[in-house]
Every structure is written in C-alpha cells, then in structure tokens.
Amino acid sequence: MIFKKQLAEALEQSLARVKEQGIMGQANLPEVAIEKPARPGHGDYASSLPLKLARLTGLKPMDVANAIVKNIAPMKDIEKISVAAPGFINFTLSKDWLTSEVDVICKAGESYGNIKLDDRAVQIEFVSGNPTGPLHVGHGRGAVLGSTLAHVLRAAGYKVSTEYYINDAGSQLEAFHRSLFARYQQALGKEAEVPANGYKGNYVLALAKEIIGAHGDKYLQMPQEEGIIEIGKLGIQMEMDQIKQDLKTLGVNFDEWFSEQSLFRSGQFDQTMQRLRDGGFIAERENATWFISSTLGDDRDNVLIRSDGTPTYFASDIAYHYNKFVDRKFDNVIDIWGADHQGHVLRMKVVMNALGINPDKLEIMICQLVTLRRGKELVKISKRSGDIITLRELLDEVGPDACRFVFLSRSADSQMDFDLELAIKQSADNPVYYVQYAHARISSILRNAEEKGIDFSQGDVSLLTSEPELTLVRSMARISEVIETVAMSRQPHHLPFYAQDLATVFHSFYKQCRVVSDDDSKSKARLKLVQAARLVLAKTLHLMGMAAPDKM
RNA sequence: GUCCCUGUAGCUCAGUGGAUAGAGCGGCUGCCUUCUAAGCAGCGGGUCGUCGGUUCGAAUCCGACCAGGGAUGCCA
C-alpha cells in the first residue's frame, strides 16, 4: 500500500474539476507532491499544492485549498480531508484501515512492507579490500552500507547480486610477497629488510610466524624467487580467509568473489584494451600506454600500461566493469568506495562513455572516511604505516550489531568520528539495544500468552481504538515508505532512524496498554497487534543485518 | 591552485523548498504489587558556519567567503 500516488491522483482530478468550473484560470499543474506532516495533529499525509497554485493563479491559498477539497472524491481509506492555514490539505487515514492493517501484517509476515519499485538486475560491489592485510574500520563501514542496501533493494523488487573484487594481481601483491618473505627470514633469525615500498605492519610478522608454525623453514629451502612467490601465495590465501571470516562475523555475505587475475587469464583484459584502442582512445607515449581521457571531459590522461609493461589498477578496473556490463549484463552497477578513491570516479565515468556504456548505469557511492579515536587520541588507519585498528578489533570490542547500527546511523557522505572508548562505555545505552529490547519485550509477552494457552488467531482488530494502539499501527505501516526512500535514494541511514521510532512507539504503547489482561477479547486483539509489531521490528532489524533477539 | 564531502543543541548526528527545526547520549524531575526499568513521562538546551540573493515561504536552492576532512601517482 502506498497512498501517496492515489492521493496525488485524487488531487489532480479534483483540480481538473475546479478548473472546469472556471474558478481558476488555465494555470499549469505543478507537480503534486504528497508529504508527511511533521505533527500528528495534521493527519497522515499532506499536500502544499494550494500554496503552489496560489502563486500561479493569484488566488488566495486558502480559497484554492477549499475549492480543491470541496471537489475531491471521497476515498475509502481516508477518514478526513481538511484544510489548514496557510494552505495545506491534510489527509487522515481511517481507523478501519489502520486496524485491518494489523491482520494484513500478521498474514504477510516478514514480507510485509516489500514493494515492487523496480525489477532490474543490479550489482552492488563493495569492500573489495586488498588481500594484503586485514580489513580496517573503513571497510567495515562500506560492508555495512553495501549489505544493507542489498537487503533493501531486494525488498524493493530488484534482482540484486553482491560482489567482492579481489585485487589478486598488480604491484601491491609483489610488495606484499617481498614484505612477508623478509619478515619470514627475520623470524627465522636471518638478516633481511622489509622493502621501502613494502608493508611494515606487525601483522605481517605475525603472519610469518604463523607460517613458520605450520611449515617451518620450507620457503627458505627453495630458490629465493620461488620462495617469495610461494609464501606470498600462501600469505594472500590466509589473509583472504581472515577477511572472509571478519565479514561473516559482521553479518556480510557476498554472492560472488571476483578475482582480478581471472580478467587476465580469460583474455577479457586484452579484449577491453583492444576495444578502447579501436575506439581511438589510446595513445602510446613516454613508453607507456595512455587512456586519452582529457578529450572526454577528464582533466588529464591516465596510464593504462606502465612503461615497465605492467597494467595499472585503473586498466583492470576498466576490464572489470566491461565484464559487469557487457558480459554479465547488469542493468545497474553500484560501487561503494571510500573517499580515498574519489580521484577514480570521474575517469571511470568517462571510460564508460568510451566503451559505449551509459555512465548513469554506473553509480558510485563514495563513503567518507572513518576517523578513529580512543578518547582524545587519534588512531591512524593506514595499512602500510603499521599501526592499524582492524575491523576485527572493532568487532571484538563493540560487537557486530552495535557496530552495524552505528555505521548505518550516519549518511555515507558525512565523515564519522568513531570513538572506541565511548562506543564501549555507552554500549549498554546504545540505541541498538533499545530497538532490540522492544523485540525481546514483545517476545516475552507472546511467551506469556502461550504459557496461558491463549489462542489469539481470531482476535478482533477492530477493538484496537486507543491512541497508543493506532500510533503503533501507523508506525508499522510506514515501513514500505522507508524501504522506498532507502531504495530510491540509496541511503540506508533512514533505516536506523525508523527502527528507533518504531521502538519508541512500541515502548510507549507497552507502558500504557496491558496486553494480556482479564479482558479476553481485548487481550486477543492486542496480542495480534504486538505480534504484528514484532514482525515489523524483526524485518527492520534484519534489513539492517542485525539480530532480533527473543530475550535480553 | 582545482575538484569532492562536511559545518544544525554541550557531544554524535537526522532533517535538503513548506506548518512550532528533531533524535540519541550527557544534565535535571518524577515513575517498578501487574506481560523484561536495556523501559516510561517530563524539564532544560539552537545567530541551522558567515554575508548576500531567489521565493508567498530557505537549515534546505543560487553566489561569495570562512573552517574541517579527502582527492589531485606510471599507488590502490
């Protein structure tokens, strides 16, 4: 159920009748927007159409509003249509519709609120952290954002595929191999140094020790170059396993793990480069191969093949996106990147054009960086410098649910200050528990009813007439609009705000209304109501990738 | 220098053309004989970065400026 469209149509029809009566000139119809009033007294929906029309016609807004309302056809589920100064039309949902929605929710279960916004195939690629080290908190933010968006887009009807791009090719790998080998030598008491451009973090040493524990000095027994490659492969594998484990702990699953190397093995990389060459977008100069993006709106050209013959990250990303759109035929691709990848956005858009792919189909969400603090102390998150706070540590300290909720509560394009000290200290008062507690409370009520052997399947929802009861239904009914908003704007942060609102409304209801009481028929009606609330709460939590606990 | 993001309550943040600008945390008052007090009810708290413009109406749109962060690699 989405009333907005119906209400907009009703307003348009009414307006047409008003015009026929000659009350108003031939003013062109502004877009009829249906809004949610801020205050409960103003009903469930509102339109400022009269205010907009007043400007075009020169009539008084209140006169326009009254004329429109007088000509509006009665609607079954709308109880009241009223005019309010300075020129709003307010709609109030009927109590019958609200209460009957309780039965609808109970019947629909967790599919309640799903909509058919779009059924296209969309891929969401996120995290895609290099397998040269553990994921850090910034990856965690992207992971939570991406997985939540995937849940919501599915609920909105899209065919969603989630993907992790494994950068298992390229120059960073080489640097990691050599760093690991050097640490391995050191741990075995040999003189060795981590390369200048290498990974100096302690985790590399820890990894080397772990390898020694399992394989001893095996990699020193082979020719050095072979040893570097072999231990490198193993190290990457172990890091990748750790990454998958961390993501699993965070509640993040991927449909596909896509290997960068596979682009080279399959010949797709060469094909894509050839296509750019055929299009005349390539130049050879200074011993390197360039993509001539400056002629396509970028402010400079970009290197595809370095003078040493190795491809750049940009080049394989082009092939990767060619694969997404042309081979796998996704209608839409959403990439979620950290703000440090911002310089990559424009050239990817430009290259889509060069490949004959509509750049609008590639949506790039940049999520701003996470600054970590412990109290006043800033924590650096650079992978190569050494000291990092990993996603794993964050999960150990804060827990996956609180972690997800905090990440989700900020819009992607605002930087966030994550104070570990505060997150841990406040964990008991965290809004995440407030929401989950509402779910646990309902579960407790339902257990109570079960112990008393109450069968409320025939409960009469029309008995739900008090304000706390109806307010709860109103909030539940809003979930489809929340799903629509998140799906269209691609901004999952609306979800935790909705979850909190729903929980607040429930807790308030709980305080005011005894569910299981001496009044049999009222008990049954209210049991239906709280069961519906539990379903919507659980759905909201699950969309956010969080647990809906029965006990706390 | 150029480009992107941000600036709203003591703190962390929602709200991006409409009605009296909201939430959480922190502070202060009350509330557990009844299904979970991880809760409820209330109080206090604001030059919406600054200045100008557009509009019947601006935190929201436009311009300039100030402040913080990021990008500007033959790194990814």
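What's counted below: heavy atoms across the whole structure, side chains too, no hydrogens, waters or symmetry copies.
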Taking any strand in view, what nucleotide pairs with B/A67 in a Watson-Crick or G-U wobble way, both distances under 3.5 Å? B/U6

Nearest to the side chain of A/H493, heavy atoms from C-beta on, is which of B/A76, B/G15, B/G24? B/G15

Heavy-atom nearest nucleotide on RNA chain B for A/S443 versus A/V303: which residue maps closer to 5'? A/S443

Given atom NZ of A/K528 and atom P of B/C35, what is their separation to the nearest angstrom? 25 Å

Using the P atom in both, what is the distance from B/U60 to B/G68, to the nearest Å? 22 Å

Which nucleotide in the list B/G18, B/A19, B/A37 gets nearest to the side chain of A/H42? B/A19

Students often get this wrong, so: under 4.0 angstrom with heavy atoms, is A/Y510 touching a base, only sugar-phosphate, or nothing? base

Remember a base hit wins even if backbone is also touched, and classify A/D550 as base, sugar-phosphate or nothing at under 4.0 Å, heavy atoms. base

For B/U34 and B/G26, measure between their C1' atoms and round to the nearest Å. 32 Å

A/Q500 CD to B/G22 C1': how many Å, rounded? 12 Å

For B/A14 versus B/A23, give the span between their C1' atoms, rounded off to a whole number of Å. 7 Å

Is there a Watson-Crick or G-U wobble partner for B/C43 with both distances under 3.5 Å, and which nucleotide is it? B/G27

With rounding to the closest Å, how many angstrom separate the P atoms on B/C48 and B/C40? 31 Å

Could you please name the option among B/A19, B/C74, B/C13 that lies closest to any side-chain atom of A/M416? B/C13

Whole-angstrom distance between B/A21 and B/G45, as gauged at atom C1': 14 Å

Of the listed nucleotides (B/C75, B/A38, B/A14), which one gets closest to any side-chain atom of A/Y437? B/A38

Interatomic distance, A/H341 NE2 vs B/G73 C1' [rounded to whole Å]: 13 Å

Please work out if A/C367 contacts a base, only the sugar-phosphate, or nothing of the nucleic acid, heavy-atom cut-off 4.0 Å. nothing

Between the base of B/C74 and the side chain of A/S307, is there any donor-acceptor pair under 3.5 Å? yes

State whether a side-chain donor-acceptor pair under 3.5 Å links A/E284 with A/T289. yes

Worked verdict on A/H439 versus A/F506 for ring-ring contact (aromatic ring centres under 6.0 Å, His included): CA-CA 9 Å; A/H439 186 271; A/F506 169 75; 9.8 Å; no

Is there a Watson-Crick or G-U wobble partner for B/C56 with both distances under 3.5 Å, and if so, which one is it? B/G18

Separation of B/G24 atom P from A/Q436 atom CD, nearest Å, is 17 Å

Assign A/A440 to base, sugar-phosphate, or nothing according to its heavy-atom contacts below 4.0 angstrom with the strands shown. base

Less than 4.0 angstrom from a charged side-chain N to a carboxylate O is my criterion; do A/R474 and A/E469 meet it? no

Reckon A/R347 touches a base, only the sugar-phosphate, or nothing at all at heavy-atom distances under 4.0 Å? base

Residue A/D340, side-chain heavy atoms: nucleotide from B/A23, B/A71, B/C31 that is nearest: B/A71

Hey, does A/Y434 reach any base, or is it just sugar-phosphate, or nothing, if we go heavy atoms under 4.0 Å? sugar-phosphate

Does B/C32 count as syn, meaning its glycosidic angle lies within 90° of 0, or as anti? syn

Side chain of A/R300 - closest among B/A76, B/G18, B/U72: B/U72

With both distances kept under 3.5 Å, what pairs with B/C35, Watson-Crick or G-U wobble? none

Give the ring-plane orientation class for A/H341 versus A/H344, where under 30° counts as parallel, over 60° as perpendicular and anything between as tilted. perpendicular

If the cut-off is 4.0 Å, is A/R306 near the phosphate of B/C75, judged by side-chain N/O to OP1 or OP2? yes

Base, sugar-phosphate, or nothing for A/S508, non-hydrogen atoms under 4.0 angstrom? sugar-phosphate

Please determine, for B/G1, whether a Watson-Crick or G-U wobble partner exists with both distances under 3.5 Å, and give it or none. B/U72

What's the CG-C1' distance between A/N430 and B/C13, to the nearest Å? 13 Å

Has the side chain of A/D501 got a donor or acceptor atom sitting under 3.5 Å from an opposite partner on the base of B/A14? no

Side-chain ion pair, A/E174 and A/R178, N-O less than 4.0 Å: yes

Within the 4.0 Å heavy-atom criterion, would you say A/A339 contacts the bases, only the backbone, or no part of the nucleic acid? sugar-phosphate

Over all strands shown, is A/A449 touching base, sugar-phosphate only, or nothing at heavy-atom distances under 4.0 angstrom? nothing

Inter-nucleotide P distance (B/A64, B/C5), Å rounded: 14 Å

I'd like the P distance from B/C62 over to B/G18, given in whole Å. 15 Å

Between B/C51 and B/G69, how far is it from one P atom to the other, in whole Å? 24 Å

Calculate the interatomic distance between A/F405 atom CZ and B/C25 atom P; express it in whole Å. 11 Å

Reading 5' to 3' through nucleotides 2-8 of chain B, protein heavy-atom contacts under 4.0 Å coded B for base, S for sugar-phosphate only, - for none: -BBBS--

Nearest whole angstrom, please: distance from the P of B/A19 to the NZ of A/K52. 12 Å

Contact class for A/P61 (heavy atom, under 4.0 Å): base, sugar-phosphate, or nothing? nothing

Has A/H344 got its ring stacked on the base of B/A76, with centres under 5.5 Å and planes less than 30° apart? no

Does the structure show A/F497 stacking with B/A14, if we require the centres to be closer than 5.5 Å and the planes to be within less than 30 degrees of parallel? no

Could you tell me whether A/R514 and A/D519 have a side-chain N and a carboxylate O separated by less than 4.0 Å? no

Rounded to the nearest Å, what distance is computed from the NZ atom of residue A/K511 to the C1' atom of nucleotide B/G42? 14 Å

Output yes when A/D299 and A/R347 qualify as a salt bridge under the 4.0 Å nitrogen-oxygen rule, no when they do not. no

Check whether the ring centres of A/F258 and A/Y164 lie less than 6.0 Å apart, and answer yes or no. no

Please check if the distance between the ring centroids of A/F254 and A/F126 is under 6.0 Å. yes

Is any side-chain heavy atom of A/P311 less than 4.5 Å from a side-chain heavy atom of A/F264? yes

Touch check for A/H494, heavy atoms < 4.0 angstrom, all strands: base, sugar-phosphate only, or nothing? sugar-phosphate

Do the rings of A/F497 and A/H493 sit parallel, tilted or perpendicular, given the 30° and 60° boundaries? perpendicular

Please work out if A/N90 contacts a base, only the sugar-phosphate, or nothing of the nucleic acid, heavy-atom cut-off 4.0 Å. base

If each of A/E286 and A/L51 is mapped to the nucleotide of RNA chain B with the nearest heavy atom, which maps nearer the 5' terminus, i.e. the 5' end? A/L51

Under a 4.0 Å N-O cut-off, is there an ion pair linking A/K324 with A/E163? no

